[in-house]
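Quick note on labels: first sequence line is chain A, next is B, and so on, each numbered from 1. Any value given below was found using the heavy atoms of this structure, including those in side chains, with hydrogens, waters and symmetry copies removed.
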Amino acid sequence: MAQPIYTTHHGMVDILPDEVRKWQFLENLIREEAEKFNFEEIRTPIMEKTELIVRGLGQMTDIVSKEIFSFSRGEDNYVLRPELTAPVVRAFVENRLDQRGGSQKLYYIGPMFRAERPQKGRQRQFHQFGLEIMGSSDALADAEVIAFMIHIYHKIGITNTTLKLNSIGDPESRDQYKRALKAHLKPDLEKLSEVSKKRYENNPLRILDSKEEEDRPFIETAPVITEFLSEKSVKHYNKVKEYLGDLGITYEEDPYLVRGMDYYTETAFELISPDLGAQDALAGGGRYDLLVEEIGGLPTPAVGFAAGMERLFIACEELGIRLGSEKKVDVYIVTLGDAARKWGLTQLSKFREKGASATMDYMGRSMKAQMKDANRENARFAVIVGENELNTRQFTLRNMAASEENSLTLDAILQKITGHHT
RNA sequence: GAGCCCGUAGCUCAGGUGGUUAGAGCGCCAGGUUGUGGCCCUGGAGGCCGGGGGUUCAAGUCCCCUCGGGCUCCCCA
């Protein structure tokens, strides 16, 4: 096929009208449900200062070290946001949202950017929705965040998921654990995979979710982080599990679950779906009690999650779930001749004012072609107007699905259509 | 960053061992019905066979390069 001159960037896709319908459906659902949970939407810029993302997520993370779209303007370096927790925290601090009192419950929907090699369920521009509760260290907050996440998938009909749960504790117990883990691995360091060798120094925890075959035996015998948790962390983790139990949410504890960003503390979780293929994480999140302070705010505990929207759609497709409705229009004005076309143009607004959607042909096509178009557009009614109708002021109203026609005045037609409508 | 697979109409795909005007279904447009959609029939538009180079009398078909796409590893949403 002849190649188009201009195309989207590798891994970035156009969302076309037929697809947008399901996006709007999902976005509306998220907004409705988030409002029910009393969350408020926050929108932040697409780009952020590089320093925020590097400090927030951690220099050594995969995202920062190799997946960032960055550019500079003058002295300043920017990145296209790869996730939204750090930007939301920035906005929280910058705008002193803590001064609104109580805990802040925020949700977001929007595009993120990561310069990875695209594959199924992975794009360079992708979309996430998520929420953050800022200001509470209570396990109730963890439970609510997880409950909302699960709730959305259940609403849609995606129920065959696994919630993986872990606690990575506070920094002190994590340091102790790191030391123990390194001590455990040290004798066999040479036998570990290349990636793991590198991580041994700068990010030993991530060795735990290595999928390299050669690492498996050493991971299996490794100490488990839960044994190193402080009393406080254990208490928190137990509370989270207790609350999830109260909510009837089942989970699977996974002591090897370590999340990709450095800012996580205590609770970590991921929602996995068997319908996604290689990229099986639908959503993930956790607690980040130190991030606000790290970024320059007052010490503020927080917890949140982010979910991939494209991945949610993939799961829907696998499960045969259709989101959103068919396109349709209430009225299609079919005209014959110039006078009728002019009449049609001026009458469209009458229908629109009454709350009905209305359209007509713009291409001067035959009546047959217009009827065909009305059918394709899924019109509920066709209003047919030619010379006869203009003279008698009696217009033909055709119910497309029923194939019934009546000759009526415009007022009667308006009433009939909008009556049906409300 | 590494591996594997694939590029023929808008879409899904046919085109044995190279052979003359490159096909089908769906979709699109028009006609059959001088004022009536979906079904049916007929016709039409639409392809530098992703691009470049090579082999050959002859390349959609064989070889090389390149671009684009898909999947996988790593990691994440």
Just call it for A:L312: base, sugar-phosphate, or nothing, with non-hydrogen atoms closer than 4.0 Å on any strand. nothing

Test: ring pair (Phe, Tyr, Trp, His ring centres under 6.0 Å). Region: residues 330-370 of chain A. Which pairs qualify, not counting sequence neighbours? A:W343-A:F395

Residues of residues 368-379 of chain A with a heavy atom under 4.0 Å from any atom of RNA chain B, listed by number, are A:K368, A:A369, A:M371, A:K372, A:N375, A:R376

If you check the A:M400 side chain, which of B:C75, B:G37, B:G35 turns out closest? B:G37

Show every donor-acceptor pair shorter than 3.5 Å between a side-chain atom in residues 146-153 of chain A and any protein atom, with sequence neighbours excluded, or say none if there are none.
from, atom 1, to, atom 2, distance (Å)
A:H151, NE2, A:E33, OE1, 2.7
A:Y153, OH, A:L282, O, 3.4

Between B:C63 and B:G27, how far is it from one P atom to the other, in whole Å? 37 Å

d(OH, A:Y153; P, B:A77) in whole Å: 11 Å

Can you find a heavy atom in the side chain of A:T267 that is under 4.5 Å from one in the side chain of A:S167? no

Taking donor-acceptor contacts at under 3.5 Å, does the side chain of A:T7 reach the base of B:G68? no

Quick one: which residue pairs count as a side chain to side chain donor-acceptor pair (under 3.5 Å) with a foot in residues 382-395 of chain A, not counting sequence neighbours? A:E389-A:T396

Under 3.5 Å, which donor-acceptor pairs do the side chains of residues 45-57 of chain A form with other protein atoms, sequence neighbours left out?
from, atom 1, to, atom 2, distance (Å)
A:E48, OE1, A:R90, NH1, 3.0
A:E48, OE2, A:R90, NH1, 2.5
A:T50, OG1, A:N77, O, 3.1
A:T50, OG1, A:Y78, N, 3.2
A:R55, NE, A:E294, OE2, 3.2
A:R55, NH2, A:E294, O, 3.0
A:R55, NH2, A:E294, OE2, 3.3

Does NZ or CZ of A:K105 come closer than 6.0 Å to the centre of the six-membered ring of A:Y107, within 45° of the ring's axis? no

Could you check whether any side-chain heavy atom of A:L319 comes within less than 4.5 Å of a side-chain heavy atom of A:N160, counting everything from C-beta outward? yes

Of all the choices, B:C75, B:U36, B:G37, which nucleotide is nearest to the side chain of A:T396 once you look at every atom? B:U36

Taking the nucleotide of RNA chain B with the closest heavy atom to each, which residue, A:A402 or A:L276, is nearer the 5' end? A:A402

Cut-off 3.5 Å, side chains only: do A:Q59 and A:S65 have a donor facing an acceptor? no

In whole Å, what is the span from the CD atom of A:E326 to the C1' atom of B:G38? 14 Å

Any N/O donor-acceptor pair, A:S403 side-chain to B:G38 base, under 3.5 Å: yes

Distance check: side-chain N/O of A:H10 vs OP1/OP2 of B:G69, anything under 4.0 Å? yes

How many Å lie between CD on A:E67 and P on B:C73, as a whole number? 15 Å

Taking any heavy-atom pair under 4.0 Å as a contact, classify A:E116: base, sugar-phosphate, or nothing. base

List in chain and number order the residues that pass salt bridge (charged side-chain N to carboxylate O under 4.0 Å, His left out) with A:E353, two or more places apart in sequence or in another chain; answer none if no residue qualifies. none

In whole Å, what separates the C1' atom of B:G43 from that of B:C4? 46 Å

Suppose you measure atom C1' in B:C29 against the same atom in B:C71; what distance do you get, rounded to whole Å? 38 Å

So salt bridge (Lys or Arg N to Asp or Glu O under 4.0 Å) across residues 122-139 of chain A, not counting sequence neighbours, yields A:E116-A:R122

Between C1' of B:G37 and CD of A:E405, the distance in whole Å: 11 Å

Expressed in angstrom and rounded to an integer, what is the separation of A:R259 atom CZ from B:A77 atom C1'? 9 Å

If pairs are Watson-Crick or G-U with both distances under 3.5 Å, what is the dot-bracket string of RNA chain B, marking crossing pairs with [ ] and pairs to another strand with |? (((((((..((((.....[...)))).(((((.......))))).....(((((..]....))))))))))))....

For A:T61, which contact category applies under a 4.0 Å heavy-atom criterion: base, sugar-phosphate, or nothing? nothing

Quick test of your reading: applying ring pair (Phe, Tyr, Trp, His ring centres under 6.0 Å), list the pairs with at least one residue in residues 307-329 of chain A, sequence neighbours left out, ordered by first then second residue. A:W23-A:F313

What do you reckon, are the aromatic ring centroids of A:Y177 and A:H184 less than 6.0 Å apart? no

With sequence neighbours excluded, residues passing ring-ring contact (aromatic ring centres under 6.0 Å, His included) with A:H154: none

How far, in whole Å, is B:C41 from B:G69 if one measures between their P atoms? 40 Å

Just call it for A:M261: base, sugar-phosphate, or nothing, with non-hydrogen atoms closer than 4.0 Å on any strand. sugar-phosphate

Please state the P separation for the pair B:C11 and B:G50 - nearest whole angstrom. 13 Å

Report the residues that fulfil ring-ring contact (aromatic ring centres under 6.0 Å, His included) with A:F126, sequence neighbours left out, ordered by chain and then residue number. none

P gap between B:A22 and B:C67, integer Å: 30 Å

Whole-Å distance separating the CG atom of A:L131 from the P atom of B:A77: 15 Å

Determine the interatomic distance between P on B:C28 and the same-named atom on B:G15; round to the nearest Å. 27 Å

What is the distance, rounded to the nearest whole Å, between atom CD of A:E310 and atom P of B:G70? 13 Å

Check the distance between B:C74's C1' and A:R117's CZ and give it to me in whole angstrom. 12 Å

Those residues of residues 119-128 of chain A lying under 4.0 Å from RNA chain B by at least one heavy atom: A:Q119, A:K120, A:G121, A:R122, A:Q123, A:F126, A:Q128

